[in-house]
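Everything below concerns the one structure shown next.
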Amino acid sequence: MQYAIELYYDKETEGELYRLAQSVADGGLSTRFLEWKTRPHLTLACFNDVDEAACAEQLRRFAQSHQVMPAYIGSIGMFNDTKTIFASPIMNRGMYQMQAEVHEWFKDCDTKGWEWYHPDRWVPHCTLALMKEDEDGAFYKASNLLLHEFRKMSGEFVAVGLVKITFPVQEICAIDLRR
């Protein structure tokens with residue numbers, strides 16, 4: 001099984017990001033991202049076959065050692081090869097450090113096949129549309145729609161979570177960061 005550790009936004013920012021994802025569905029362009037039933041997030045790390053209980057406990061300790069931090073989302077981006085459209089957070093030292101620390105805390109977990117989530121190779125992104133299975137025209141229309149609807153956002157990263165990457169995604173736990 002595959003798992004991810006995710007970084008979650010405050011409710012208001014999460015709502016704005018979800019609204020953007022919903023606009024792609026409302027425009028009749030794609031519902032695939034919404035079908036995954038995952039909340040807007042940044043993926044910090046991905047693993048293969050973890051002990052869920054032990055990983056959740058380790059994540060609780062990790063969350064207790066980290067504080068809420070600012071989140072700034074400055075642009076829309078795309079991965080053309082997978083036809084993924086995302087909100088692009090502005091990288092800051094706290095994000096970079098937290099992502100590197102997740103990998104240190106969970107260094108015994110199997111990360112084979114997830115090289116794009118390793119420190120120094122990570123592209124932080126918050127997916128809004130997954131369109132690999134949709135026609136090219138829909139991808140370009142959704143890109144245009146989101147480029148027009150997007151406005152810069154600021155909020156906070158307030159929690160971390162462990163999810164099982166299934167369809168739909170199963171949230172195993174979400175733990176608040178310290179205030």
Side-chain angles (χ1 to χ4, degrees), residues 1-50 52 55-56 59 71-91 95 99 102 109-118 121-153 155 157-174:
M1 191 57 59
Q2 298 171 329
Y3 296 85
I5 293 179
E6 300 179 339
L7 183 59
Y8 296 129
Y9 295 95
D10 63 273
K11 291 295 181 196
E12 185 177 323
T13 305
E14 186 176 283
E16 282 300 306
L17 291 163
Y18 184 80
R19 183 191 62 73
L20 288 169
Q22 184 67 50
S23 70
V24 173
D26 292 347
L29 301 170
S30 181
T31 59
R32 190 67 175 165
F33 174 71
L34 297 177
E35 291 168 8
W36 279 90
K37 299 190 184 303
T38 186
R39 33 192 301 202
H41 64 275
L42 292 186
T43 300
L44 296 171
C46 292
F47 307 116
N48 301 310
D49 295 320
V50 301
E52 290 180 18
C55 193
L59 192 60
Y72 304 105
I73 304 167
S75 60
I76 294 292
M78 290 163 242
F79 296 130
N80 291 344
D81 59 338
T82 60
K83 294 183 358 185
T84 300
I85 306 169
F86 55 87
S88 185
I90 298 169
M91 178 62 93
M95 288 168 55
Q99 196 258 355
V102 160
C109 294
D110 177 9
T111 60
K112 289 183 200 79
W114 299 103
E115 64 273 359
W116 294 110
Y117 291 97
H118 288 199
R121 298 188 80 183
W122 181 47
V123 177
H125 63 282
C126 179
T127 301
L128 300 173
L130 294 167
M131 304 194 66
K132 190 172 191 170
E133 298 172 8
D134 299 301
E135 293 182 20
D136 285 346
F139 172 68
Y140 298 122
K141 286 178 184 175
S143 299
N144 188 48
L145 172 77
L146 290 170
L147 286 170
H148 281 89
E149 286 195 16
F150 177 79
R151 300 292 175 266
K152 289 181 181 179
M153 297 178 218
F157 291 115
V158 298
V160 290
L162 174 65
V163 300
K164 187 184 293 185
I165 304 171
T166 58
F167 187 77
V169 168
Q170 295 177 3
E171 186 176 275
I172 295 165
C173 65

Check your understanding: Do side-chain atoms of Asp49 reach the backbone of Met1 as a donor and acceptor pair under 3.5 angstrom?
Key -> yes
Point to revise | Contacts of type side chain to side chain contact (heavy atoms under 4.5 Å, CB included), residue Ala87, not counting sequence neighbours | key: Leu17, Ile73, Cys126, Leu128
Practice item. Mind checking side chain to side chain contact (heavy atoms under 4.5 Å, CB included) for Asp81 and listing every partner two or more places apart, or none if nothing turns up? Key: Phe79
Check your understanding: With the threshold set at 4.0 Å, does a side-chain nitrogen-carboxylate oxygen contact exist between Glu16 and Arg151?
Key -> no
Review point. According to the interplanar angle, ranging from 0 to 90°, do the rings of His41 and Tyr8 count as parallel (below 30°), tilted (30 to 60°) or perpendicular (above 60°)?
Key: perpendicular
Review point. Is it true that Glu14 and Arg39 have a side-chain N and a carboxylate O under 4.0 angstrom from each other?
Key: yes
Report all side-chain donor-acceptor pairs from residues 28-36 shorter than 3.5 Å, counting only partners two or more places apart or in another chain.
residue: Ser30; atom: OG; partner: Arg32; partner atom: N; Å: 3.4
residue: Ser30; atom: OG; partner: Asp134; partner atom: OD2; Å: 2.7
residue: Thr31; atom: OG1; partner: Glu35; partner atom: OE2; Å: 2.6
residue: Arg32; atom: NH1; partner: Glu35; partner atom: OE1; Å: 3.4

Check your understanding: Rounded to the nearest 0.5 Å, how far does NE2 of His118 lie from OG1 of Thr111?
Key -> 3.0 Å
Review point. For the side chain of Thr166 and the backbone of Pro168, is there at least one donor-acceptor N/O pair under 3.5 Å apart?
Key: yes
Review point. Taking 4.0 angstrom as the limit, do Arg19 and Glu149 come out as a salt bridge?
Key: yes
Review point. Any side-chain heavy-atom pair from Leu44 and Trp122 closer than 4.5 angstrom?
Key: yes
Review point. Hey, does Cys46 have a side-chain heavy atom less than 4.5 Å from the side chain of Gln2?
Key: no
Review point. Between Met153 and Tyr9, is any pair of side-chain heavy atoms under 4.5 Å apart?
Key: no
Exercise for review: Kindly determine whether Gln99 and Leu42 satisfy side chain to side chain contact (heavy atoms under 4.5 Å, CB included), including the steps that lead there.
Suggested key: CA-CA 10 Å; Gln99 196 258 355; Leu42 292 186; over 6 Å; no
Practice item. List the atom of Leu59, the atom of Gly161, and the distance in Å for their closest heavy-atom pair. Key: CD2-C, 3.5 Å
